[in-house]
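Worksheet for the structure shown next.
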Amino acid sequence: MTQASIKVGMIAEETGALSFMGRANANVARMVVDEINANGGLLGRKIELYLEDGATTDAVAEAKAAKLVLQDKVDVIFGGIYSSTRQAIKGPAVVKGRTLYIYPEQYEGQECDPLIFCTGPVPAQQLDPLIPWLTCTRPVPGHSTCRPQTTSGRT
């Protein structure tokens, strides 16, 4: 691996109310980066992980995103759990820093920027399988029942 490394920044909530999730996310990131590098890297390039603690606080996450972009000069940022944290990271990372940002959590949708990839489900993706399951397994008297749909729109 002689080419320049790929710098991956991650903001994980290693302290604060969401530390139980953030520590797990950080550990998985370390494991994956180690495994990829042990197998020759990504497209022959080593991955360098820059891990920052967002402290479950939007202002801290925003400052850490700015550090990752301006000081560490990462190629991509992962992280954020709350939607408000995504918005805090978005400012310094995407709007000002023009850096690719991957938000891996469920979210409310309507995020539209070519540098932001939201990989979690939106509410419709969560509700689509839930509603039919509920109507079949927990019918409410006088309301919907579980029947096959027909092409005429009648059930």
Side-chain angles (χ1 to χ4, degrees), residues 1-138 144 149:
M1 292 186 280
T2 58
Q3 298 179 14
S5 62
I6 299 170
K7 295 180 177 184
V8 174
M10 181 171 182
I11 299 173
E13 315 305 335
E14 294 189 276
T15 58
L18 295 179
S19 62
F20 67 98
M21 291 175 66
R23 282 189 217 118
N25 291 345
N27 288 335
V28 168
R30 287 184 195 102
M31 181 184 71
V32 168
V33 167
D34 288 347
E35 183 177 326
I36 291 170
N37 285 336
N39 288 295
L42 181 62
L43 300 174
R45 296 170 65 186
K46 179 184 176 190
I47 297 176
E48 288 181 58
L49 180 62
Y50 291 78
L51 192 57
E52 295 290 341
D53 178 13
T56 317
T57 304
D58 294 344
V60 172
E62 183 175 9
K64 298 295 183 165
K67 176 193 175 289
L68 287 168
V69 170
L70 299 172
Q71 184 178 325
D72 299 325
K73 306 219 182 293
V74 298
D75 299 301
V76 59
I77 293 179
F78 286 83
I81 294 176
Y82 292 139
S83 294
S84 60
T85 307
R86 181 186 73 244
Q87 294 302 319
I89 293 170
K90 176 182 173 179
V94 176
V95 176
K96 294 177 187 168
R98 304 307 300 157
T99 301
L100 179 64
Y101 174 39
I102 299 175
Y103 178 71
E105 299 293 331
Q106 64 185 8
Y107 77 114
E108 63 283 351
Q110 312 235 348
E111 189 67 72
C112 186
D113 189 292
L115 289 174
I116 299 177
F117 286 82
C118 297
T119 60
V122 295
Q125 292 170 312
Q126 295 171 326
L127 291 176
D128 280 351
L130 175 66
I131 300 304
W133 177 84
L134 279 175
T135 60
C136 290
T137 60
R138 307 275 192 263
S144 61
Q149 296 251 355

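Predicted model only: the values in this text are computed from it and were never measured.
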(message) Using 0.5 Å steps for rounding, measure from the CE atom of Met10 to the NZ atom of Lys64.
(response)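 The NZ atom of Lys64 is 14.0 Å from CE of Met10, to the nearest 0.5 Å.
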(request) Supply the atom-to-atom distance Tyr103 OH to Ile81 CD1, rounded to the nearest 0.5 angstrom. (result)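 Between Tyr103 OH and Ile81 CD1, I get 8.0 Å after rounding to 0.5 Å.
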(request) Would you indicate whether Leu43, at its atom CG, is surrounded by more than 12 heavy atoms from other residues, nucleotides or ligands within a distance under 6.0 Å? (result)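 No.
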Which heavy atom in [X] sits nearest to a heavy atom in [Y], and how many Å separate them?
{"X": "Val95", "Y": "Arg98", "result": "O-CD, 3.8 Å"}
{"X": "Pro104", "Y": "Gly80", "result": "CD-O, 4.3 Å"}
{"X": "Gly54", "Y": "Ile11", "result": "CA-CG2, 3.7 Å"}
{"X": "Val60", "Y": "Ala55", "result": "CG1-CB, 3.9 Å"}
{"X": "Tyr101", "Y": "Phe78", "result": "CE1-C, 4.3 Å"}

(request) Indicate whether the side chain of Tyr50 and that of Glu48 have a donor and an acceptor atom separated by less than 3.5 Å. (result)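 Result is yes, a qualifying pair exists.
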N/O donor-acceptor pairs under 3.5 Å from side chains in residues 16-28, not counting sequence neighbours:
unit_1 : atom_1 : unit_2 : atom_2 : d
Ser19  : OG     : Gly16  : O      : 3.1
Ser19  : OG     : Arg23  : NH2    : 3.3
Asn27  : OD1    : Arg30  : NH1    : 2.8
Asn27  : ND2    : Arg23  : O      : 3.3

So, using side-chain contact (heavy atoms from CB on, under 4.5 Å) as the criterion, who are the partners of [X] when residues are at least two apart?
{"X": "Lys96", "result": "none"}
{"X": "Glu111", "result": "Arg86, Gln87, Lys90, Tyr107, Ile116, Cys118"}
{"X": "Pro121", "result": "Gln106, Gln125, Gln126"}

(request) Among Leu68, Leu49, Ile6, find the residue that satisfies the side chain to side chain contact (heavy atoms under 4.5 Å, CB included) test when tested with Val74. (result)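 The single option meeting the side chain to side chain contact (heavy atoms under 4.5 Å, CB included) with Val74 is Leu68.
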(message) The test is side-chain contact (heavy atoms from CB on, under 4.5 Å); show your working for Ile77 and Ile89 and say whether it passes.
(response) CA-CA 9 Å; Ile77 293 179; Ile89 293 170; 4.3 Å; yes
(request) Only pairs at least two apart or in different chains count here, so list each salt bridge (charged side-chain N to carboxylate O under 4.0 Å, His left out) that has a residue in residues 69-85. (result)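 For residues 69-85, and leaving out neighbouring residues, the salt bridge (charged side-chain N to carboxylate O under 4.0 Å, His left out) pairs sorted by first residue read Lys67-Asp72.
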(request) Sorted by first residue and then second, give each side chain to side chain donor-acceptor pair (under 3.5 Å) pair with at least one member in residues 53-63; sequence neighbours left out. (result)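 Output for this query lists Thr15-Asp53, Asp58-Ser84, Asp58-Thr85.
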(request) Without swapping roles, check the side chain of Asn37 against the backbone of Ile47 for a donor-acceptor pair under 3.5 Å. (result)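 Checked: pair present.
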